[in-house]
Each structure stands twice: as structure tokens, then as C-alpha cells.
Amino acid sequence: MSRRFWSLCLAAMLAPCFAAAADETEQGLATLWEVLWHQSGTPTRVVRWENDIRMRMSGVDLPQHREYVTQALRTVTQEAGVRLVDVTDQPGEPANLTVEILPDTALQDNQPCVTFLDFRTEAKVDSASIQMRSRDAWRCAYHEAMHLMGVRGHPGGKTVLSYFPQKVDGLLPLDRVMLRAWYSPRMKGGMTPFEALPVLSEELIASLPEAERPAAQQSRDRFYAATIEQMQAYAAGRGDIPTIVKRSGKATEDGIRHGRSEMSYFLGVAYFEGATVTADQKQALSWFERAASAGNRRAQSYLAGPGAR
């Protein structure tokens, strides 16, 4: 039989594998896009640490949880390339991270754990605090450690950040992709979602076997186009509220209104910078004007010129 015949047979056998890989890539991209949204249903900028994290841990049942929680924090910070210093046993040393193990009846709304990030500008984390109930420390440690690094979303998909994770006591491959991208030289604090998405997606594609990358790149391009189209409709108030907002669980009418204003501004930046889309100054101006008319100050600054930014 001819070489062409065998090539066709091989292609037919591999087609389902490539299709499955493409589906997996699209699901991964959807997860990476969703981590750029706060659980309130609002798109956010990238915030991250630019200095060492100096941790002090306290609370109930500390001997029971300290080693495990510290290991979770070390695993996450090492993946991101950020140095973690434990100053728990050094009372005189300053700390910019407090971790508190609370009684099982603590925290409002029956929450198992929570992370608070403090930043003067939406770019660099200045300090943070993590609280987790004693009985939930084992399932909260990696989840909250991811939030600590500035990854604020609760996406669906294969990540410890999901509300229904496949794994709680360690990082999944997609979590490692997020952390490497979030703290790569290409990612900068203050980046908008459309500026950050290409950095995240490139790290995802680079993590795949070489043979799967061309199909993954095609999936990425389709995902970009579909996402831009959906976000333009959302920002303009057309059609249904996107699933990414509905799934947040804490979206309100005011939050959606604010989200539309933010998304208009983010689309302006995308077209102005050529991030995720081809640069188009006319489109950028249109989206900045829409955002500015809704009271978005950053869009107003863009329209006012470089001296006003």
C-alpha cells in the first residue's frame, strides 16, 4: 500500500486525539480568563508581590496545622519565584503576611477561609492576611495560597481555585501555569485582563507537548475572537449577562454596571495597545468614550491625554 494511504490512516486515528487536545486547551483558556475576574463578577487588573513575603502564623491548633500550611505556602511561592520567610518565631521581625487559624465557629456566612490583599495601587500587593478555620485548614491552604499571590478569581476547571476542585492538598498543572505566567517577566502589575490573557495563554501552550501546540494556537485564536465579541456585547449592554458573571455567585446590579464600565475601559486599552486584538485606534477611542461617559476615571484620563494620566 502507498505511503499516502498509511498517512491518511494515521491522520484518521490521531484526529480524535487532536480534537480532545483542542477541547482541553479551550477549557484551560476559559479557566485562565476566569481567574482575571473577581468573584463579585467584576474584571480585575493584575496585582502581585514585588518583594519577599514575610509570614507570621498564629491562632488555635497551631502545632497541628503549621507544617502543612507552611508547605502549601512554600509550594505556591516557589512556583511563582517569590521568596517566603517565616518570622513566626521571631517576634521582633516585621511581617507583611499574617496567617491565622481560627476556631471552627469563626468567620461570617459560614466561610471556611478567606484572604485579604492590601494594595495602595491596583498593581502591587503591599500586605495580606489569611484566615482559615481549624477544621478546614487542610482544604483551604493551597486555595488561599493561590489568592495570596494575587490570583483573585474562582474559576471553573482543573484548579484548586475552583469551588469544586478535583484536588485540595496540592497544585494542579493549570495552577502552576497560572503562577509561572503571573510572575513571568512579561506580566506586569496593573495589567488589564486583555493584556494579561496572552501571557497566560502562551504559558499554557508552552506547557503542552510540542505536537499539540499548533492545534492549541488555533484554539487560542478562536477563544480570543469569541471572548472579544462576548465582552463587547457585555460592555455595550447587549444580550444576556455572560456566564462568567452569572457564575460568580456574588454579582449585583451595581456590580454589573461597574463591570460594564470597567470592561469598556479594558476594551479601549486592548485596542489601543493591540493586546489580544489587532490595534485599532478608532475602536480604542470609541470604547474609552463609552467608559468615560459611565464615569470611568481611567478612561477619562486617557481621553485627556498623557499629561493627565
Side-chain angles (χ1 to χ4, degrees), residues 35 38-40 44-154 159-161 165 167-171 175-176 178-185 187-191 196:
V35 301
H38 190 267
Q39 61 179 334
S40 64
T44 65
R45 288 169 169 261
V46 170
V47 295
R48 63 183 202 167
W49 292 85
E50 300 292 349
N51 51 297
D52 293 348
I53 299 175
R54 300 176 63 82
M55 173 193 71
R56 174 164 290 114
M57 195 180 306
S58 63
V60 303
D61 304 326
L62 203 57
Q64 177 184 344
H65 299 302
R66 182 175 176 180
E67 183 178 355
Y68 176 75
V69 172
T70 301
Q71 181 57 49
L73 291 165
R74 288 203 184 283
T75 299
V76 170
T77 53
Q78 286 174 1
E79 193 68 44
V82 176
R83 184 166 175 254
L84 176 71
V85 181
D86 186 355
V87 298
T88 300
D89 298 327
Q90 303 171 56
E93 288 295 315
N96 53 16
L97 166 65
T98 59
V99 179
E100 188 177 7
I101 310 299
L102 299 174
D104 293 339
T105 55
L107 295 180
Q108 296 179 345
D109 302 323
N110 203 32
Q111 293 184 90
C113 42
V114 64
T115 293
F116 300 99
L117 299 178
D118 298 317
F119 39 83
R120 286 185 285 274
T121 62
E122 198 172 4
K124 183 183 76 170
V125 180
D126 298 304
S127 61
S129 63
I130 297 174
Q131 297 176 331
M132 58 185 79
R133 298 186 305 192
S134 178
R135 73 183 182 197
D136 295 301
W138 69 274
R139 69 184 179 101
C140 282
Y142 283 88
H143 178 101
E144 298 304 332
M146 290 288 291
H147 285 323
L148 169 68
M149 302 313 293
V151 188
R152 288 181 276 175
H154 287 89
T159 164
V160 296
L161 287 168
K167 184 178 179 67
V168 297
D169 58 349
L171 295 179
D175 298 312
R176 297 184 185 279
M178 288 180 214
L179 292 167
R180 289 196 299 267
W182 211 267
Y183 284 85
S184 73
M187 193 77 87
K188 305 295 181 185
M191 272 187 168

| said: Tell me every residue that passes side chain to side chain donor-acceptor pair (under 3.5 Å) with R83, counting only those two or more places apart in sequence or in another chain. | reply: D52
| Closest approach of M57 and T88, non-hydrogen atoms and distance? | N-OG1, 3.0 Å
| request: Could I get the full list of side-chain contact (heavy atoms from CB on, under 4.5 Å) partners for A128, not counting sequence neighbours? | output: W49, L97, L117, L148
| query | For the residue pair D61 and S134, what are the closest heavy atoms and their distance? | reply | OD2-OG, 2.6 Å
| task | Check W182 against V151 and note the closest heavy-atom contact, atom names and distance. | result | CD2-CG2, 3.9 Å
| remark: A181 and M187 have their tightest heavy-atom pair at O-CB, 3.3 Å
| field | With sequence neighbours excluded, residues passing side-chain contact (heavy atoms from CB on, under 4.5 Å) with Y68 | value | W138, A141, Y142, D169
| request: To the nearest 0.5 Å, tell me how far S127 OG sits from R120 CZ. | output: 8.0 Å
| task | Could you tell me whether the side chain of V99 reaches within less than 4.5 Å of the side chain of E144, counting heavy atoms only? | result | no
| Rounded to the nearest 0.5 Å, how far does CZ of R48 lie from CG of L179? | 12.0 Å
| query | Listed by chain and number, what are the side chain to side chain donor-acceptor pair (under 3.5 Å) partners of S58, not counting sequence neighbours? | reply | none
| Test salt bridge (charged side-chain N to carboxylate O under 4.0 Å, His left out) applied to R74 - qualifying residues, sequence neighbours left out | none
| field | Qualifying residues under salt bridge (charged side-chain N to carboxylate O under 4.0 Å, His left out), relative to D118, sequence neighbours excluded | value | none
| query | Under 3.5 Å, side chain of R135 to main-chain N/O of P112, donor-acceptor pair present? | reply | no
| request: Apply side-chain contact (heavy atoms from CB on, under 4.5 Å) to R180 and list each qualifying residue two or more places apart in sequence or on a separate chain. | output: E79, R176, V177, E203, S207
| Heavy atoms, side chains only, cut-off 4.5 Å: are M132 and V69 in contact? | yes
| message | Once rounded to the nearest 0.5 Å, what's the spacing between atom OH of Y183 and atom CE of M178? | response | 13.5 Å
| query | Any side-chain heavy atom of H147 sitting closer than 4.5 Å to one from I130? | reply | no
| message | Quick check for you: to the nearest 0.5 Å, what is the distance between K167 atom NZ and T159 atom OG1? | response | 12.5 Å
| said: For Q108 and V114: C-alpha separation, side-chain torsions, deciding distance, then whether side-chain contact (heavy atoms from CB on, under 4.5 Å) applies. | reply: CA-CA 10 Å; Q108 296 179 345; V114 64; over 6 Å; no
| request: Can you sort out the partners of A106 under side-chain contact (heavy atoms from CB on, under 4.5 Å), two or more places apart, ordered by chain and number? | output: L102, P103
| Partner set under salt bridge (charged side-chain N to carboxylate O under 4.0 Å, His left out) for R133, not counting sequence neighbours | D136
| Residues which pass ring pair (Phe, Tyr, Trp, His ring centres under 6.0 Å) with H65, listed by chain and number, not counting sequence neighbours | none
| query | Please walk me through it: do D86 and R66 pass salt bridge (charged side-chain N to carboxylate O under 4.0 Å, His left out)? | reply | CA-CA 11 Å; D86 186 355; R66 182 175 176 180; 3.2 Å; yes
| request: Enumerate the residue pairs fulfilling disulfide (SG to SG under 2.5 Å) with a member in residues 82-122, sequence neighbours excluded, ordered by first and then second residue. | output: C113-C140
| OG1/T70 to CE/M55 distance, rounded to the nearest 0.5 angstrom? | 4.0 Å
| message | Filter on side chain to side chain donor-acceptor pair (under 3.5 Å), then keep only pairs touching residues 90-105, sequence neighbours left out; what's left? | response | R54-E93
